[in-house]
Structure formats: structure tokens, C-alpha cells
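Atoms within each ligand, like the ligands themselves, are counted from 1 in listed order.
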Amino acid sequence: MTQLRDNPISPTVDFARDGVQHGFLKLPYSRDDSAWGAVMIPVTVVKNGSGPTALLTGGNHGDEYEGPLALAKLTQSLRAEDVSGRVIIIPFMNTPAVQAGTRTSPIDKGNLNRSFPGKPDGSVTQKIADYFQRTLLPMADVVLDIHSGGKTLDFLPFAACHMLADKAQDAACEAGMRAFAAPYSMRMLELDAVGMYDTAAEEQGKVFVTSELGGGGSSTAKSLAIAERGVRNLLIHFGLLAGEIDAADSVMLDMPDGDCFVASAEDGLLEMCSDLGDHVEKGQVIARVHSVQRTGSAPSEYHAKRSGVLAARHFPGLVKGGDTIAVVADVLG
Ligand code: ZN
């Protein structure tokens with residue numbers, strides 16, 4: 001095997017030091033407006049003695065807001081004396097994307113959650129992925145990556161984990177997901193698992209919990225509260241914080257196969273015929289797409305391919321061919 005070169009990121013915090021530290025992951029980035037510039041990724045480390053390490057991230061995609069907000073607030077409030085172990089908080093994982101309010105990086109168009117394992121000598125986004133892959137993930141026992149739908153999708157609020165071959169790891173991930181206590185919980189099927197942070201963490205044997213807590217390119221008081229409660233619950237569940245888990249009923253959802261996804265075949269105006277959380281029957285019309293080229297023509301109808309609950313939808317009023325319009329999940333109870 002060829003030896004990978006060192007990652008160019010240098011942290012301004014000492015991950016081994018007790019106490020609260022606010023600093024940066026400094027990634028040199030030479031560009032027109034700053035020859036010797038850098039991308040500065042904010043990081044907070046809160047450590048108190050020995051114990052597990054939790055790695056908490058938001059802003060993996062830059063247009064999803066519950067994670068960045070909940071974790072930014074946590075960096076303002078978490079005290080070292082409250083923690084047993086270490087909490088590493090990176091609210092704006094793909095910082096250039098978060099600062100631009102875009103899913104992908106404005107620098108290299110990199111989708112961080114499709115860039116793993118990354119490259120130490122690649123693009124800015126690939127360098128960030130490599131630093132998580134080889135430096136941060138190995139430090140962690142528990143990894144929480146908070147997602148939402150972003151500007152183009154809206155989700156029922158759910159915590160999620162993946163089905164894993166290792167039974168003990170699978171059970172630990174599911175227990176973490178349940179501790180998060182979002183209104184919904186889901187064992188996720190990924191359309192496209194290659195290059196994901198999730199996969200990178202799971203392949204390193206970590207307990208990995210993720211979420212989709214809303215979307216549309218903003219957050220609400222309710223969705224943020226779900227994120228903040230979930231983060232706290234997860235830290236308590238893994239023994240990093242003292243206190244009682246704020247339990248709540250959670251509806252278990254499942255996305256067992258590709259029939260969950262309904263995609264548009266054409267461009268047009270999106271008419272949703274059901275809303276998030278609605279029960280839909282197999283064969284039911286869940287959306288129509290109307291032409292914006294002419295009047296008087298019948299819309300295309302899109303049918304649910306299974307019965308269940310509408311768990312996600314395309315958010316903007318216009319769709320393009322190939323866009324996912326709707327996701328129908330099974331309700332397990
Ligand atoms: Zn995302």
C-alpha cells in the first residue's frame with residue numbers, strides 16, 4: 001500500500017487537554033483574495049477526564065440548519081464539569097458550504113457526504129473528508145451527524161441508523177437512535193451509500209446516529225427543539241452527561257426498498273396531493289406535475305408504490321426530471 005501523505009489541516013485546539021476549548025481546524029487554502037489564506041472550520045472540544053468521545057457534527061450539507069444551530073448553542077453552554085469524557089463539536093462541518101448557504105462547497109462543488117474517504121492532496125472538500133476519516137473518526141466512540149432536507153427536500157423529523165452486519169454495532173446504533181427520541185425513527189436505506197460519512201464511521205466500527213429533522217432551507221422552533229433534546233439525550237445515553245433522558249414517543253419507520261421512492265420523469269409545477277405525515281395507500285396519486293409550457297394539458301400523475309406514511313417530499317414548487325418527489329415509509333409502530 002502506498003503511504004498517504006499527512007493531512008494539511010492543523011487544529012488550534014489540543015484534543016487531549018481537559019477543559020473547554022474553542023478553536024479551528026485550519027486548512028490552508030491559497031486563492032486570489034488571500035495568497036496565504038485558510039479555510040477555518042470552527043471546533044469546540046469539551047473534555048473532562050477519561051470516558052468515551054462523542055463527535056457531533058452539523059453542516060455536512062451547508063443548507064441544513066437544525067444541526068448547526070443546536071450544536072452552536074451547545075458550544076455556548078456545555079461546561080467541562082458537566083462532561084465525563086470528551087465531546088468534540090463541529091457545527092459547520094463543510095464550513096465553506098455553510099457560510100454560502102449551499103448544499104455543496106462553493107470552492108470546489110464538493111458534496112462532503114459523497115467525498116469519503118477523502119484525499120489529503122485533493123480538493124478542499126476532499127481534504128476535510130480525509131481529516132475526519134483519519135484523524136477525527138478514530139478518536140470517536142459515538143458519532144452523531146445531524147442532517148435535514150436542505151433547500152430541496154422536507155422530511156418528517158426522524159433520527160436514523162443503518163442496518164449493519166455487525167450485530168453488536170447494529171444494536172448500539174439503534175439504541176442511540178432511540179435515545180435521541182425524535183418524533184420518528186428510521187432504519188435507513190441509502191440510495192447511494194458510497195462516499196458517505198455514515199459509511200466511513202460505520203466501517204470504523206463506530207456507533208453512528210444521523211437524522212433528517214425537517215428541511216426547506218430553514219428550521220423551526222419545533223425542529224430545533226427536537227435537535228437540541230436529541231443531542232442531550234444521546235450524550236446522557238452514552239454516559240457523557242449526567243441526568244435523565246427526556247423520553248418521548250417515537251414512531252418507527254422503515255424504508256425497506258426502492259419502492260419507497262417516487263421520482264419525477266419531467267420538469268414542471270409540483271402539486272402535492274398528500275402532506276408529510278399523511279397515510280397513503282399503494283396506488284394512490286400522491287403528486288401531479290403540471291406543464292409550465294402550455295395550458296390545457298393533463299398533468300402527469302405519480303402514484304405511491306406502497307402503502308405507508310409520506311416521510312419526505314421535494315420542497316420547491318418546481319421539479320425537474322429525475323428529482324425525488326416523495327418518499328413513502330412503512331410504519332412499524
Ligand atoms: Zn444532509
Report task. Over 60° means perpendicular and under 30° means parallel, so classify the ring planes of Phe116 and Phe132, tilted if in between. Result ->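 Phe132 and Phe116: perpendicular rings.
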Query - Residue and atom names of protein N/O/S atoms that fall under 2.8 Å from the Zn ion (ligand 1) - result: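 Listed by chain and number, the atoms are His61 ND1, Glu64 OE1, Glu64 OE2, His147 ND1.
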Extract all donor-acceptor atom pairs below 3.5 Å that involve side chains of residues 325-333 and protein atoms in other chains or at least two apart in sequence.
residue	atom	partner	partner atom	Å
Asp330	OD1	Arg306	NE	3.0
Asp330	OD1	Arg306	NH2	3.2
Asp330	OD2	Arg306	NH2	3.0

Report task. Measure the CD-CD distance between Glu266 and Gln293 for me, rounded to the nearest 0.5 Å. Result ->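 If I round to the nearest 0.5 Å, the distance is 11.0 Å.
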Requested in this report: Measure the CG-CG distance between Leu240 and Asp82 for me, rounded to the nearest 0.5 Å.
Outcome: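 Going from the CG atom of Leu240 to the CG atom of Asp82 covers 11.5 Å.
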Query raised in the report: Around Glu81, counting heavy atoms of other residues, nucleotides and ligands shown, do more than 12 lie under 6.0 Å from its CD?
Result: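 More than 12 within 6.0 Å, yes.
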Query - Qualifying residue for side-chain contact (heavy atoms from CB on, under 4.5 Å) with Arg187, from Met255, Glu174, His162 - result: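 Of all the options given, the one that passes is Glu174.
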